[in-house]
Amino acid sequence: MFSFFIRKGVRKILKRKDSDAGEKGKALEDLRASLFNQFRSSEGSKRQQQRICGPAIALSFNFLVAVGIIFMNKMVLQTVNFKFPILLTLIHYVVSWFLMALLKTFSFLPAAPSSKSTPLSTLFTLGFVMSLSTGFANVSLKYNSIGFYQMAKIAVTPSIVLAEFVLYRKKVSFPKALALTVVSIGVAVATVTDLQFHFFGACVALAWIVPSAVNKILWSRLQQQENWTALSLMWKTTPITLIFLAAMLPCLDPPGVLSFDWNFGNSTVIFASAILGFLLQWSGALALGATSAISHVVLGQFKTCVLLLGNYYLFGSNPGKISICGAFTAIAGMSVYTYLNLRQQSNKPSPRQASVLPKSKLGKENGSTHDGHYGAESV
């Protein structure tokens, strides 16, 4: 009788342990599924990017890297005397692709959406305009004065507004349009001190404006409308960009690359520039995904004004009173534009409120329809 009760008690203990083991196994499976959704699915990767890298972090990251690469590229072009802008761009993208291949090897590269969600033609277009945007910008900077280059950059803002209206019927409110006009005039007064240009360089600068605008629009649109993250989109489009850069190399770069002194010091500076180039592309993609194409252009103009004022106050350079007033005017316009953006975001319903509102009401508030065509939007 006593042994019977012992066997019964042992069976209860074993059954309880089996039950606990089953619950632990289920918990592990749930945890594994949660981690997979966060890191190995495109939806989870996008949520992680939005949670970790908000607009303020993305814009700050891009601003710091952009300032750093200006000085690094200045060292490459002047100190190292590397006079091959398309080859330099090609080296940047080769290093970027290699770094992303390492991330993919160790399963750190975010998952991309299925091929059905985004047409291959869209990715091809983005890779193509990326090669034109980065390549033409470096060639323009080589042949034209800084003033003419800045004028071309200012023209990107109205190009983005026009392209977004034509492609997506996206409208800019009058206060924002006025603020952007003040920014453009202020930057022009601050930076356009001379308009010397080479005829070939001027043609390249004008040809650069449209690809630059389309490039920013597509980067922003694909990340915000679909489940693309910055790194996964870079991984898909970089090979296309490399092909077109290699095709532009013999047409736009001067001869003599083989006679360049590829010593250890020069190669190290060029490689450091390529690392910053990868960070610039990544941070720019993050900023475009977190904000908008116009906001990213305004950030670039803010960087220009900060560098001008910083050189004046810290290093004693004297750009002239008119340029300083122009820089402060541009920063004032940027402040108004930022305020209008923040006020618009605060008026939008939160995700929890949006889930409660009926679809018809949401459609009216957003000013768009969801029948497969983009409706008119106000920005």
Side-chain angles (χ1 to χ4, degrees), residues 65-99 127-156 191-212 215 238-281 284 300 303-304 307-308 311 317:
V65 175
V67 172
I69 201 170
I70 285 174
F71 293 106
M72 183 58 68
N73 282 345
K74 196 172 184 181
M75 186 183 298
V76 170
L77 295 173
Q78 294 184 1
T79 306
V80 178
N81 201 28
F82 190 79
K83 301 296 185 182
F84 311 98
I86 297 295
L87 179 59
L88 181 63
T89 308
L90 184 66
I91 293 171
H92 283 194
Y93 277 97
V94 169
V95 172
S96 296
W97 186 88
F98 179 74
L99 292 174
F128 174 62
V129 296
M130 256 171 53
S131 65
L132 295 181
S133 175
T134 52
F136 284 178
N138 288 336
V139 173
S140 171
L141 194 57
K142 177 186 175 183
Y143 285 98
N144 302 318
S145 67
I146 297 295
F148 192 85
Y149 178 73
Q150 289 295 339
M151 282 297 290
K153 286 182 69 175
I154 291 169
V156 173
T191 60
V192 182
T193 54
D194 66 309
L195 288 177
Q196 298 176 5
F197 60 91
H198 188 278
F199 177 74
F200 174 73
C203 294
V204 171
L206 294 175
W208 167 78
I209 294 172
V210 173
S212 179
N215 180 44
T238 296
I240 303 169
T241 303
L242 287 173
I243 292 172
F244 283 103
L245 284 173
M248 288 191 291
L249 193 62
C251 303
L252 297 177
D253 265 2
V257 64
L258 296 178
S259 61
F260 178 74
D261 186 12
W262 292 94
N263 59 42
F264 178 76
N266 291 346
S267 301
T268 301
V269 173
I270 293 172
F271 180 73
S273 170
I275 296 293
L276 283 176
F278 165 71
L279 294 177
L280 180 67
Q281 187 188 0
K303 172 196 65 183
T304 301
L307 287 174
L308 186 146
N311 284 329
S317 67

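With rounding to the nearest 0.5 Å, the separation of CE in Met72 from CG in Leu276 is 5.5 Å. Of the inter-residue distances, the one linking Trp262 atom CH2 with Phe82 atom CZ reads 4.0 Å to the nearest 0.5 angstrom. How far OG1 of Thr238 is from CG of Leu99: 10.5 Å, rounded to the nearest 0.5 Å. Within the model, atoms OG of Ser96 and CD1 of Ile275 stand 8.0 Å from one another, a figure rounded to the nearest 0.5 Å. The structure places CZ of Phe84 at 7.0 Å from CG of Asp253, a figure rounded to the nearest 0.5 Å.
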(request) Verify side-chain contact (heavy atoms from CB on, under 4.5 Å) between Trp208 and Val156, making sure each step is shown before the conclusion. (result) CA-CA 9 Å; Trp208 167 78; Val156 173; 3.7 Å; yes

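Closest of all the heavy-atom pairs between Val204 and Ser140 is CG1-N, 4.1 Å. Considering every non-hydrogen atom in both Pro211 and Leu132, the closest pair reads CB-CB, 3.8 Å. Counting all heavy atoms, side chain and backbone alike, Phe260 lies closest to Asn81 at CE1-O, 3.8 Å. In plain terms, the two heavy atoms of Gly277 and His92 that are nearest each other are CA-ND1, 4.0 Å.
In terms of modelled atom types and a separation under 3.5 Å, the side chain of Ser273 and the main chain of Val269 share no donor-acceptor contact. Side-chain atoms of Ser212 do not come within 3.5 Å of backbone N or O of Ser133 as any donor-acceptor pair. Judged by distance alone, with hydrogens and angles left aside, the side-chain atoms of Asp261 form no donor-acceptor pair with the main-chain N or O of Asn266 at under 3.5 Å.
Applying the ring pair (Phe, Tyr, Trp, His ring centres under 6.0 Å) rule to Phe200 yields the partners Tyr143; only residues at least two apart in sequence or on another chain are considered.
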